[in-house]
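Hydrogens, waters and symmetry mates are skipped; everything else that's a heavy atom, side chains included, is used. When a ligand or atom number is given, it counts from 1 through the structure's own listing order.
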Amino acid sequence: MMTKPSKSYMRKRFILSSFFFIIFLCLLAFFNELRYDNFLHFGKCAFTNISDSKNVLSNPPLNDDIRILIGILTLPDQYQKRHFLRLVYGIQTPIIGAKIDVRFVFCNLTKEDQKTLVALEIMRHDDIIILNCPENMNNGKTYTYFSSLPEMFNGYSYDYVMKADDDIYIRLDKLVESLRPLPRKDLYYGFVIPCDSMDPFVHYMSGMAYLVSWDVVEWIRGSDIPRNHLEGPEDKVLGEWLKAGRRGLNRHNTKYSMYNYPDPNSKCSHDFWPDTIAVHLLKTQEKWIHALSYFNVTQNLKQSKLYHIP
Ligand SMILES: *[C@@H]1O[C@H](CO)[C@@H](O)[C@H](O)[C@H]1NC(C)=O
Ligand SMILES: *[C@@H]1O[C@H](CO)[C@@H](O)[C@H](O)[C@H]1NC(C)=O
Ligand SMILES: *[C@@H]1O[C@H](CO)[C@@H](O)[C@H](O)[C@H]1NC(C)=O
C-alpha cells in the first residue's frame, strides 16, 4: 500500500530538483559562453545566480541572417509551372547569410483531383500555402496573403515578405545583395510604376515582384485601411494602402535590375544584362530558356559518364 509522502521527503525532493535545475542553468550558461567568449569567462558559472541565468535564456539569436519569404501567387491547377519553378529555384546555390523560403500561394481548392494532387506535392515538397479565400486575381487575394502570414508563422518569422508572379525569374543572390544595405523596417521595395519613373513615392511597385518588411505585413493585418479597400489591381491597391497609412516609407526602386522580357519592347522592358535581379513576363518556355541560358544557369552541370549534353 502507498503511504502519503512525508513533508521532509517532499522538501528533499524539492531541494534535489532545484539543485539539478541550477546545474542545468549553469551548463546552459557555460555552453553559451563557450560559443560567445571562447572560454574567456570560464569559471564564472560557479557564481552565476538564478537571476543572472535568466538573461542567458533570453540572449538574442546568434545569426543575423536575412530571412525572406517569397510567395509566388499561382493557381492550384498549375502543376507543371510549380514543377518548373521548383527546378529553377531549387538549383540556385544557398546564399551565406540569408534564408529564403519560396512558397506557392493559392486560395481554396475547388476540385476533387486537387485534393490528391496538391496533397502529394505538399507531402513531397512542403512548399505550398493555401489561403482561406475563393480564387481571385484582383479581389483581395494579396490582402489575404499578407494578412494571414503573422498567424501562419506564429508572429515574427521573416524580415521581408515578397509577393511575386509566377512568370518572373528571380536571381536570389542578386536579390539578397540588393537587400543587404536596406532597412529591415518599414520597407517597400520593387519596380516603380509608371515604367518611365524612377521616383518610388509617386505611385506603387509593380506586381511582378514587390517586397515589404515584416512590420508592414503586421500593419496590413491589423489596420482597417487595407480591409476596407480590396478591389482593384492588387499592386496598385497595395500602394494605396501604404500611402493612406503612411507605411513603407523606406522605399527602394529596383529599376533597372528588374524588368520585363525584352520582347515586346516597351518602357518596362530592356535587354538582358548581368546586373539583373529579376526578369518578368516569361510567358513561354522559349522565353524561360532564353533567360536561363543567358544567366548561365546550367553552366555548373557536373561531368559524368551517365549522360552527355553537348
Ligand atoms: C545575484 O543577482 C542579483 C541581481 O542581479 C545581484 O544583485 C547579486 O549581486 C547576484 N549575486 C551574485 C552572487 O552574483
Ligand atoms: C475554404 O476552405 C475551408 C475548409 O477547407 C472552409 O472552411 C472555408 O470556408 C473556405 N473558404 C472560402 C472563402 O471558400
Ligand atoms: C555566362 O558565361 C559566359 C561564358 O563563360 C560569360 O561570358 C558571361 O558573362 C556569363 N553571363 C553572365 C550573365 O554571367
query: Does some non-hydrogen atom of the protein lie less than 4.0 angstrom from atom 13 (C) of ligand 2?
result: yes
message: Any protein heavy-atom neighbour for atom 5 (O) of ligand 3 (distance below 4.0 angstrom)?
response: yes
- prompt: According to the interplanar angle, ranging from 0 to 90°, do the rings of Tyr261 and Phe272 count as parallel (below 30°), tilted (30 to 60°) or perpendicular (above 60°)?
  reply: perpendicular
- request: Look at the rings of Tyr169 and Trp288 and say which category their plane angle falls in: under 30° parallel, 30 to 60° tilted, over 60° perpendicular.
  value: perpendicular
query: For ligand 2, which atoms sit closer than 4.0 Å to a heavy atom of Pro134?
result: 13 (C)
- request: Considering the heavy atoms of Cys133, write down every atom of ligand 2 situated less than 4.0 Å from one of them.
  value: 13 (C)
task: For atom 11 (N) of ligand 3, state which one of Asn296, Asp275, Thr276 supplies the nearest heavy atom.
output: Asn296
message: Suppose we call two aromatic rings close when their centres sit under 6.0 Å apart. Are Phe153 and Tyr158 close by that rule?
response: yes
Full working for salt bridge (Lys or Arg N to Asp or Glu O under 4.0 Å) between Asp186 and Arg247: CA-CA 6 Å; Asp186 210 28; Arg247 299 290 155 152; 5.5 Å; no
- prompt: What's the shortest distance from atom 9 (O) of ligand 2 to any protein heavy atom, and which residue and atom give it?
  reply: Asn132 OD1, 4.2 Å
message: Can you report which non-hydrogen protein atom sits closest to atom 2 (O) of ligand 2, along with the distance?
response: Asn108 ND2, 2.4 Å
- prompt: Just checking, any donor-acceptor pair under 3.5 angstrom between side chains of Tyr189 and Ser178?
  reply: yes
statement: Only one of Asp215, Asp159, Asp65 passes salt bridge (charged side-chain N to carboxylate O under 4.0 Å, His left out) with Arg184, and that residue is Asp159
- prompt: With the 4.5 Å side-chain cut-off for hydrophobic clustering, are Leu73 and Met152 part of the same group?
  reply: yes
query: Would you say Tyr294 contacts ligand 3, with heavy atoms under 4.0 Å as the rule?
result: yes
message: Out of all atoms in ligand 3, which are within 4.0 Å of some heavy atom of Gln299? Include the element for each.
response: 2 (O), 5 (O)
